[in-house]
Asks: 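A single structure is presented below for examination.
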Amino acid sequence: MDYKYYVSNNNGQDDYGLKYINEQGYGSICKQYKIEFPPQHQDKQPGMEYLMTPKPIFNNPYYKASGKLYNKVAIITGGDSGLGRATAVGFAKDGAKVVIVYYDEHKDAQDTKEFIEALGGCCTLISGDLKDTRFCAKVVNDTINQYEKIDILVNNAGVQYQQKSLLDITDEQFELTMHTNIFSMFYLTKRALKYMKPGASIINVTSITAFQGEPELIDYVTSKGAIVGFTRALSTNLADKNIRVNAVSPGVFWTPLQPACWDAEKIPTLGSDAPMGRAGHPYEIAPLFIYLASDDSSYVTGQVMHINGGQYKG
């Protein structure tokens, strides 16, 4: 095949295995794979979906909703984009009223709200910092004031920062990652739990990296491991109350977190080491959240559900 050299910004030291691509966008070293995502980087966490090229696929128009979440009220953190957006859309299709909590990604959040409302769904936006316990209380109070209940809590919001070495991770970055990814989860869950009744569902988002490790995401992996422990302990604690607590462990998905974290040169090869040879799109994980939120999973608690294109089996 006629390949051209993939130009690295660091004399070939940061090409992440991508040596050549042809005119059709296929790269090759020891195998061939489709280059779906051009190099790109965003300087702000947790990233903006509207700036991504190509845009993540968050909606499956062929999904047949069955109303299994009819009249349920769901809080989804980070629901403005990425996995959270796909989950919010899926929940709305199945009849849930959705409360999207986000930081400051106003355009993404508004786009998601408009999409849900165009489907005939109900969506409320709440913007603020989940690291602040007072804001977590506001999220819960606003939801109760508007909808009078909380049936589903999806703890999805998070950040990740690429660093080559532990020595490059500042104390400030470590604290920021932990406060965003696990402290806020504790704060919000504690406050929402007061209003959650038997049959309610809590879904926490961990990561494949908590099971495989990732050398350039040490603080992120630490926080995601904590989420696994939090999920398992809380599920046991709440089992007699019939409130289920599970976790979803994604592999590599095309979400704003990727260009906001990684060097631009790593983006083209995201997911290429999975057996399926690609990254996932958010719409491919949304049905799992719907399952865990619905009564279909009434006997499922304390579990970590892996969805990663075969990259990790566990």
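What you see is a predicted model, and the numbers here were worked out from it, not measured in a lab. Side chains are part of it too, since the values below use all heavy atoms of this structure and drop only hydrogens, waters and symmetry mates. In this chain, residues are counted from 1 in sequence order.
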Asks: Hey, are Ser297 and Arg244 close enough side-chain-wise for a donor-acceptor pair under 3.5 Å?
Replies: yes
Asks: Among side-chain atoms of Gln163 and Gln173, is any donor-acceptor pair under 3.5 angstrom?
Replies: yes
Asks: Is there a path of hydrophobic side-chain contacts, each under 4.5 Å between heavy atoms, that joins Leu83 and Tyr63?
Replies: yes
Asks: Considering non-hydrogen atoms only, spot the tightest contact between Pro268 and Pro38 and give its length.
Replies: CG-C, 4.3 Å
Asks: In the structure I gave you, are the side-chain heavy atoms of Pro282 and Arg85 within less than 4.5 Å of one another anywhere?
Replies: no
Asks: Are Phe289 and Leu69 connected in the hydrophobic side-chain network, where two residues link if heavy atoms are under 4.5 Å apart?
Replies: yes
Asks: For residues Cys122 and Tyr147, determine if any side-chain heavy atom of one lies less than 4.5 Å from a side-chain heavy atom of the other.
Replies: yes
Asks: Taking the side chain as C-beta and beyond, is there a heavy-atom pair between Leu51 and Pro259 under 4.5 Å?
Replies: no
Asks: Hey, are Asn155 and Thr189 close enough side-chain-wise for a donor-acceptor pair under 3.5 Å?
Replies: yes
Asks: Regarding Asn204 and Thr231, is there a side-chain donor-to-acceptor distance under 3.5 Å anywhere?
Replies: yes
Asks: Thr222 and Ile218: which non-hydrogen atoms are nearest, and at how many Å?
Replies: OG1-O, 2.8 Å
Asks: Heavy-atom count check: over 12 atoms from other residues, nucleotides or ligands less than 6.0 Å from Lys197 NZ?
Replies: no
Asks: Carefully, step by step, assess Val101 and Ile75 under the rule side-chain contact (heavy atoms from CB on, under 4.5 Å).
Replies: CA-CA 7 Å; Val101 184; Ile75 296 175; 3.8 Å; yes
Asks: Using the salt bridge (Lys or Arg N to Asp or Glu O under 4.0 Å) rule, take Lys164 and Asp263 through it: C-alpha gap first, then chi angles, then the decisive distance, then the call.
Replies: CA-CA 11 Å; Lys164 302 292 185 183; Asp263 294 337; 3.8 Å; yes
Asks: Could you please spell out the steps behind the salt bridge (Lys or Arg N to Asp or Glu O under 4.0 Å) verdict for Asp104 and Lys44?
Replies: CA-CA 11 Å; Asp104 64 356; Lys44 186 176 182 298; 2.9 Å; yes
Asks: Set out, in order, the CA-CA distance, both residues' side-chain angles and the distance that settles salt bridge (Lys or Arg N to Asp or Glu O under 4.0 Å) for Glu214 and Lys224, then state yes or no.
Replies: CA-CA 11 Å; Glu214 167 51 60; Lys224 291 299 179 176; over 6 Å; no
Asks: Quick one: CG on Leu130 to OG1 on Thr180, what's the gap to the nearest 0.5 Å?
Replies: 8.5 Å
Asks: Judged by atom type as modelled, is there a donor-acceptor pair below 3.5 Å linking the side chain of Ser272 to the main-chain atoms of Gly277?
Replies: no
Asks: Checking side-chain contact (heavy atoms from CB on, under 4.5 Å) for the pair Ile76/Val98: CA distance, chi angles, key distance, verdict?
Replies: CA-CA 7 Å; Ile76 305 172; Val98 177; 3.9 Å; yes
Asks: To the nearest 0.5 Å, tell me how far Asp219 CG sits from Asp168 CG.
Replies: 11.0 Å
Asks: Please give me the minimum heavy-atom distance between Ala74 and Phe91, naming the atom from each residue.
Replies: CB-CD2, 3.6 Å
Asks: Hey, does the side chain of Asp108 reach the backbone of Asp80 with a donor-acceptor pair shorter than 3.5 angstrom?
Replies: no
Asks: Test salt bridge (Lys or Arg N to Asp or Glu O under 4.0 Å) on Asp296 and Lys68; report intermediate values, then the result.
Replies: CA-CA 8 Å; Asp296 287 356; Lys68 60 183 62 180; 2.8 Å; yes
Asks: For the backbone of Asn156 and the side chain of Thr77, can you confirm whether one donor and one acceptor N or O come within less than 3.5 Å of each other?
Replies: yes
Asks: For Tyr220 and Val159, which heavy atoms make the closest approach, and how far apart are they?
Replies: CD1-O, 3.2 Å
Asks: Going through the distances and angles, do Gln146 and Thr124 end up as a side-chain contact (heavy atoms from CB on, under 4.5 Å)?
Replies: CA-CA 9 Å; Gln146 184 169 359; Thr124 298; 3.2 Å; yes
Asks: On a heavy-atom basis, which atom in Ala86 and which in Tyr283 lie closest, and how many Å separate them?
Replies: CB-N, 4.0 Å
Asks: Does Tyr103 have Lys131 sitting over its ring (NZ/CZ under 6.0 Å from centre, angle to axis within 45°)?
Replies: yes
Asks: Starting at CD1 of Ile150, measure out to CG of Leu193 and round the result to the nearest 0.5 Å.
Replies: 9.5 Å
Asks: Supply the atom-to-atom distance Ile169 CD1 to Asp171 CG, rounded to the nearest 0.5 angstrom.
Replies: 10.0 Å
Asks: Apply the test side-chain contact (heavy atoms from CB on, under 4.5 Å) to residues Trp262 and Gln160: give CA-CA distance (whole Å), side-chain angles for both, the deciding distance (0.1 Å), then the verdict.
Replies: CA-CA 9 Å; Trp262 297 110; Gln160 65 178 34; 3.6 Å; yes
Asks: Between Ile243 and Phe230, is there shared hydrophobic-cluster membership here, with clusters defined by ILVMFWY side-chain heavy atoms closer than 4.5 Å?
Replies: yes
Asks: Would the number of heavy atoms belonging to other residues, nucleotides or ligands and lying under 6.0 Å from NZ of Lys190 be above 12?
Replies: no
Asks: Tyr291, Val205: one ILVMFWY side-chain cluster at the under-4.5 Å cut-off?
Replies: yes
Asks: So which of Glu114, Lys113, Lys97 actually passes side chain to side chain contact (heavy atoms under 4.5 Å, CB included) with Cys123?
Replies: Lys113
Asks: Do Glu284 side-chain atoms and His281 backbone N/O form a donor-acceptor pair below 3.5 Å?
Replies: yes
Asks: When you check the side-chain N and O atoms of Asn59 and Lys93, is any donor under 3.5 Å from an acceptor?
Replies: yes
Asks: If two hydrophobic side chains count as joined below 4.5 Å and joins carry through other members, does Leu188 share a cluster with Val99?
Replies: yes
Asks: Any side-chain to backbone donor/acceptor pair from Trp254 onto Ile57? Under 3.5 Å, distance only.
Replies: no
Asks: Using side-chain heavy atoms (C-beta onward) and a distance below 4.5 Å, is Gln212 in contact with Gln311?
Replies: yes
Asks: Apply the side chain to side chain contact (heavy atoms under 4.5 Å, CB included) test between Thr133 and each candidate in Phe186, Tyr187, Phe183; give the one that qualifies.
Replies: Tyr187
Asks: Of all residues at least two apart in sequence or in a different chain, which pass the ring-ring contact (aromatic ring centres under 6.0 Å, His included) check with His306?
Replies: Phe211, Tyr312
Asks: Closest heavy-atom contact between Leu270 and Gln258?
Replies: CD1-CB, 3.7 Å
Asks: What is the distance from atom CD of Gln162 to atom NE2 of His41, rounded to the nearest 0.5 Å?
Replies: 8.5 Å
Asks: Check each of Thr206, Thr87, Leu292 against Val248 using the side chain to side chain contact (heavy atoms under 4.5 Å, CB included) test, and report the only one that passes.
Replies: Leu292
Asks: Are the side chains of Glu148 and Thr143 in contact, using a 4.5 Å heavy-atom criterion?
Replies: no
Asks: Which value, rounded to the nearest 0.5 Å, describes the distance between Asp132 atom CG and Ser184 atom OG?
Replies: 11.0 Å
